Amino acid sequence: MLFSSVAGVIGTAGQGNYAAANAFLDQLAVERRAQGLPAHSVAWGLWGEASGMTGQLAAADRARLARLGIAPLASADALALFDAALAGGDPAVVAARFDPAALRTAAVDGHLPAVLAGLVRGRSRRVVGDGGGGFAERLRGLGVEERRRVVAGEVRRQVAGVLGRSDVDAVPVERAFSELGFDSLMGVELRNRLSAVVGRRLPASLVFDRPTVRDLAEYLIAELAGGR
């Protein structure tokens with residue numbers, strides 16, 4: 001019996017090593033079963049009850065998981081899923097609780113992991129992976145100041161999403177991200193969100209090199225202009 005993590009199935013920002021290690025456990029169970037050997041791997045989601053691992057999660061970490069649609073599992077439900085995994089025939093299963101509303105929001109914003117797409121009904125309003133054509137098209141023909149306003153507004157919207165804030169206008173344009181409470185994982189999440197918006201891979205050090213909304217907006221404007 002192997003205990004892995006849902007991180008190995010959906011991927012989590014800044015945890016590539018952790019995700020890979022857990023994906024290995026799942027594949028080990030598959031390989032053993034193919035050889036006629038006993039094996040079960042359970043990719044756990046977040047347990048609601050504090051433990052040696054989850055007890056160290058900060059509010060920002062829990063908010064990040066919530067935005068992915070991962071909700072805390074009650075211990076009784078988790079134990080029931082453990083029994084179901086043992087009784088089932090699949091060598092590797094996911095035992096997690098997902099929040100449908102958060103999944104729909106992630107789908108609309110274009111940030112839903114592809115492996116979870118089947119859990120959401122309907123179609124997302126934003127098409128991700130179009131080479132940034134949609135966003136670049138919005139900027140085409142705008143004057144310099146209007147272009148800055150639009151790009152800064154999009155950056156503020158994504159920053160608010162990472163911070164879990166609903167009031168985009170409350171996100172300052174001149175204040176450093178570190179002063180807003182950003183950590184390294186939040187920086188990765190913002191980079192990933194903006195990469196999806198502009199349709200190109202942005203550098204991992206983006207938030208550290210461009211530490212304010214204004215700096216980041218100017219960088220994106222230059223990047224999009226250079227890609228024409």
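One is the number of the first residue; the rest follow in order along the sequence. Quick caveat, the model's predicted, so the values are computed rather than measured.
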Between [X] and [Y], is any pair of side-chain heavy atoms under 4.5 Å apart?
| X | Y | value |
| --- | --- | --- |
| Thr212 | Leu216 | no |
| Leu86 | Met1 | yes |
| Glu154 | Arg138 | yes |
| Asp99 | Ile70 | no |

Validation: residues 19-32 side-chain donor-acceptor distances under 3.5 Å, sequence neighbours left out:
| from | atom 1 | to | atom 2 | distance (Å) |
| --- | --- | --- | --- | --- |
| Asn22 | OD1 | Ser5 | N | 3.1 |
| Asn22 | ND2 | Tyr18 | O | 2.8 |
| Asp26 | OD1 | Ser4 | OG | 2.6 |
| Asp26 | OD1 | Ser41 | OG | 2.7 |
| Gln27 | NE2 | Glu31 | OE2 | 3.0 |
| Arg32 | NE | Pro38 | O | 3.0 |
| Arg32 | NH2 | Pro38 | O | 3.1 |

Assess the residue pair Arg149 and Glu145 against the criterion (salt bridge (charged side-chain N to carboxylate O under 4.0 Å, His left out)); give the C-alpha distance rounded to whole Å, side-chain angles, the decisive distance to 0.1 Å, and a yes or no. CA-CA 6 Å; Arg149 186 192 67 79; Glu145 291 305 317; over 6 Å; no

For [X], what residues pass the side-chain contact (heavy atoms from CB on, under 4.5 Å) criterion, not counting sequence neighbours?
| X | result |
| --- | --- |
| Ala176 | Ser178, Glu179 |
| Ala96 | Val94, Phe98 |
| Ala78 | Trp44, Trp47, Leu73 |
| Pro100 | Arg104 |

[X] side chain to [Y] main-chain N or O, any donor-acceptor pair under 3.5 Å?
| X | Y | value |
| --- | --- | --- |
| Arg33 | Gly89 | yes |
| Arg147 | Leu142 | yes |
| Arg191 | Leu202 | yes |

Show every side chain to side chain donor-acceptor pair (under 3.5 Å) that has at least one partner inside residues 70-81, sequence neighbours left out. Glu49-Ser75

Sequence neighbours excluded, every pair satisfying side chain to side chain donor-acceptor pair (under 3.5 Å) that has a member inside residues 83-92: none

Contacts of Phe177 that satisfy ring pair (Phe, Tyr, Trp, His ring centres under 6.0 Å) - sequence neighbours left out: Phe182

Salt bridge (Lys or Arg N to Asp or Glu O under 4.0 Å) pairs touching residues 210-220, sequence neighbours excluded, are Arg148-Glu218, Glu174-Arg214

Just jot down the salt bridge (Lys or Arg N to Asp or Glu O under 4.0 Å) partners of Arg165, sequence neighbours excluded, or say none. none

